[in-house]
Structures are given as structure tokens and as C-alpha cells.
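The structure appears below as C-alpha cells.
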Amino acid sequence: MKKTRIPADLSSPRSPDRLHYFESRLDFLLETIREFVEIESPSDNKPAADRMSAHLAHKFTELGGRPRVHRAEEYGDNLQIDFPAAANAKPVLLLGHFDTVYPLGTLPTMPCQVENGRLHGPGVLDMKAGIALMFFALEALATWHGKLPRPVTVFLVSDEEVGSYSSRKITEDLARKSAAVLVLEPAAGLGGAVKTARKGVGEYALTVNGIAAHAGLDPGKGHSAIVELARQIEVLSKLNDSKQGISVNPGVIRGGTRTNVIAAEAVAEIDVRIKRAKQARGLDRKLRALRPFDKRCKLSIDGGINRLPMERNGGVIALYQKAQLIARQIGWKLEEAAVGGGSDGNFTAGIGIPTLDGLGGVGNGAHAIHEHILIRELPRRAVLLAGLIESA
Ligand SMILES: [Zn+2]
């Protein structure tokens, strides 16, 4: 068999030439990101998301991966690609999502284009650049070593932006079989920090059922669900505890039918965040213990914690230290950050698998009209990812 000759130092994890390698590949990397962004893939449009899933399956198969499609009924098909390797090591799991928050038809008003060293476009930062980085890191490793130095599993999720209900179990099963999980969500801030802690996220709905009455004729007979809900919101806001990292936000309220009717129903949708897994129970108990001020009103609460926090535990710290070492070899002081938002990394860290998040693109404006990545940051992100795949 013919072996491609690779300069010896590129196959060494300590090589600064790796940065040049990715710099020389930057145009291809950009084209690949553009290709991904221009296939719109909103979470709530299965045919569109499936097109993206099929495109990615084709792409990663060309690299030598074995695709496995996990059909999903409501969302796009989740995509697993296995890269077996001769080395008898546990695989590393590269985790990402290809769904975006942008509805189909966003591209004409938010085109994928380069401007002042930035690449703009829907989902470019969150997180199609991250998927392209996986592709290029794997391609480079196979080139440098002649084959992948260890088994790798890529898992690309279709419903991360809407709670990962179709993919969560698969993510957790794959993580359990893996030595570590590398999450290609965007970096924290323009310095490119990786994410070593994320808050846990939950969603609740508090429904108040009161008693309707004519506001003019029978005001005494009514028991207003709106008034009751207003009082409950006061109670909810007291559950905020910034010192402990707990936040409770009634972000949506609705209720009532007409001004001349005492409202029979009112609902608050509540976002909760916690810093530590052990806070989940206590907060849940407090929410379920809410009692009505007006005894004729009934309260019911639905929902729960969806993603437990990604805590900065020993496994996370060890991965971060490896990442710092790799970064230092190319003269880069890699920072870490704790963030309030959740990702699928919360699931894998939550079951105790070493997880490092925020390894994807560097940029700004995720979920917003100005979403973009900084092009110049891409090569060193690729060096970091390649090095972590080898050593995680
Ligand atoms: Zn994301």
C-alpha cells in the first residue's frame, strides 16, 4: 500500500507547523462552513433539517466515517458517524447540533458573506463552524498520521435548540462508551475561552384556575386567576438567588379573555437556571409547594429541569489542562469560562463523562441578525481540536 509522506513533525502533537497547515487550508474551511450555512436547517422544519443531516452524512462518509442515521419523527434525523481506528482505545465523542433557531427563508435577509474578517450568516457561530472544524480536524489527523490515531464518534443532533428531546438518550448512550466528550458549541467571548461550566436549565408552567364572573354585575362572585398569578409572581421572584447561581424568570404570562370578565385562567411560563445539580430538587420542591393566596383559586405546576448543570469537576479540569497545553505550544493562553446557557454538554457531564465545551467558532451574535464568526480564529481552533482528539 502506498503511504503518503508527511513531514514527521506534523504527526507530532507538539508541532507549531500544524497552525500553518490549517492556515493553508483556511479557504477550504471557509467554503465548507458556507456550504453548511447555506443549507438552512431550523429545528422545527423536518424536511429542511433532514436535508442538512443527509448532506453531513455524505460529507463525513467521504472522510471514511460510517454513518448511522437515527430517525426522528418530529425533528430532523440525528446523525452518528463512527470512525473506527486500529488503536484499541475508547473513542472520543465529538458532539454538535446542526439545527438553528432561524426559520426557513432567513438567508435572503441574512446572507452568508464575508465582511471585515468575519463570516456572517444564520447559524454560522451556533454552530455550523463547529461542525466544519470537526471535519477539518479529522481530515488533518488522518493525513498527518496516515490514519486516525484513535476511534472517534461524531454525533450531530437535530433538536438541540428546542431541548434535545429526540436526541438526548442517544447522546448519553454514546457518551457512556466514550473516553471524553468534546462539544463544538461556540467559544465564550471574543477571546475564545472554552466552557468548563454551564448552568442547568429548566422550564416550568404555573397555571392558575380561578372562577369567572361578570366584572360589572357580579364582581364578588369571581376569583381572578390574574390577580392570583400576579401574587404568585412576587413569590417566584423571591426564589432568585444570585449568590447561589439560581435564577427564576417568569418570562411569559398570559391569561383572561376580556376586560369585563374576571379571569378564569392565567399561566406563567418560567425559565429556571441552577449552578449545581443538587439545587435541582430543592427548587423543584419549592415550585411544587406553591399555595394559592385566594383559596378558591387552584394552582398547578408542570415541567422540570431539562439539563442538569455542567459542573467544573475533575474530569472537566483535566480536559481543560490538556487543552491549555496544546494551546501553549502555539503561543496561545487559552482561558476558560462558566456560562449561564445550557447545551448537550450538560447531559454528558451530568452522567459523569469528562466534557469540554465551547471548542467551536469564536464570534458574536448567536441567534441574532448579526451572528458571525472571526475567520482568523479558525486555524488555532482546529489545532486545538485535533490535539484534543489525540490526547483526550
Ligand atoms: Zn448551539
Side-chain angles (χ1 to χ4, degrees), residues 32-33 36-37 39-45 48-49 52-53 56 72 75-76 78-80 93-103 106 110 112 119-135 154-168 170-172 174-175 181-190 192-203 271 273 306-310 337-350 355-374 377-378 381 385:
T32 303
I33 299 173
F36 292 170
V37 172
I39 304 174
E40 292 182 288
S41 47
S43 323
D44 59 358
N45 189 315
M52 185 65 191
S53 178
L56 291 167
Y75 305 102
N78 296 295
L79 178 64
Q80 173 186 347
L93 176 61
L94 307 186
L95 187 58
H97 65 88
F98 58 82
D99 61 322
T100 74
V101 296
Y102 301 93
T106 298
M110 196 179 159
C112 185
L119 182 67
H120 290 255
V124 64
L125 174 64
D126 188 9
M127 54 154 280
K128 289 182 171 175
I131 301 175
L133 281 168
M134 294 180 190
F135 183 88
V154 170
F155 189 49
L156 302 171
V157 163
S158 64
D159 59 352
E160 195 273 346
E161 297 289 5
V162 288
S164 302
Y165 292 100
S166 83
S167 56
R168 174 179 186 162
I170 311 166
T171 298
E172 290 176 345
L174 291 175
V181 183
L182 306 176
V183 189
L184 275 290
E185 289 279 354
L190 293 180
V194 291
K195 295 169 180 173
T196 50
R198 281 183 180 273
K199 280 195 176 175
V201 188
E203 232 178 67
D271 175 289
R273 308 271 158 160
N306 170 244
R307 290 180 168 113
L308 283 174
M310 175 178 145
V339 294
S343 86
D344 288 342
N346 291 51
F347 297 147
T348 60
T355 299
L356 192 61
D357 202 338
L359 289 164
V362 180
N364 212 338
H367 300 196
I369 184 85
H370 62 293
E371 177 164 348
H372 64 264
I373 55 164
L374 302 181
E377 294 290 331
L378 288 166
R381 309 296 295 176
L385 180 59

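Indexing begins at 1, ligand by ligand and atom by atom, following the structure's order.
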TODO: For the Zn ion (ligand 1), decide whether Asp126 has an N, O or S atom at a distance under 2.8 Å.
DONE: yes
- [ ] Using a strict cut-off of less than 4.0 Å between a Lys/Arg side-chain nitrogen and an Asp/Glu carboxylate oxygen, indicate whether Arg307 and Asp344 qualify as a salt bridge.
- [x] yes
TODO: Looking only at N, O or S atoms, find the one in Glu185 nearest to the Zn ion (ligand 1) and name it.
DONE: OE1
Task: Atom of His97 closest to the Zn ion (ligand 1), considering N, O or S atoms - done: NE2
Open item on the list: Just to verify, what does Phe98 make a ring-ring contact (aromatic ring centres under 6.0 Å, His included) with, not counting sequence neighbours?
Closed with: none
Task: Partner residues of Leu308 under the side-chain contact (heavy atoms from CB on, under 4.5 Å) criterion, sequence neighbours left out - done: Ala277, Ala280, Ile305
Task: side-chain hydrogen bond (donor to acceptor under 3.5 Å, both in side chains) evaluation trace for Lys195 with Ser343 - done: CA-CA 11 Å; Lys195 295 169 180 173; Ser343 86; over 6 Å; no
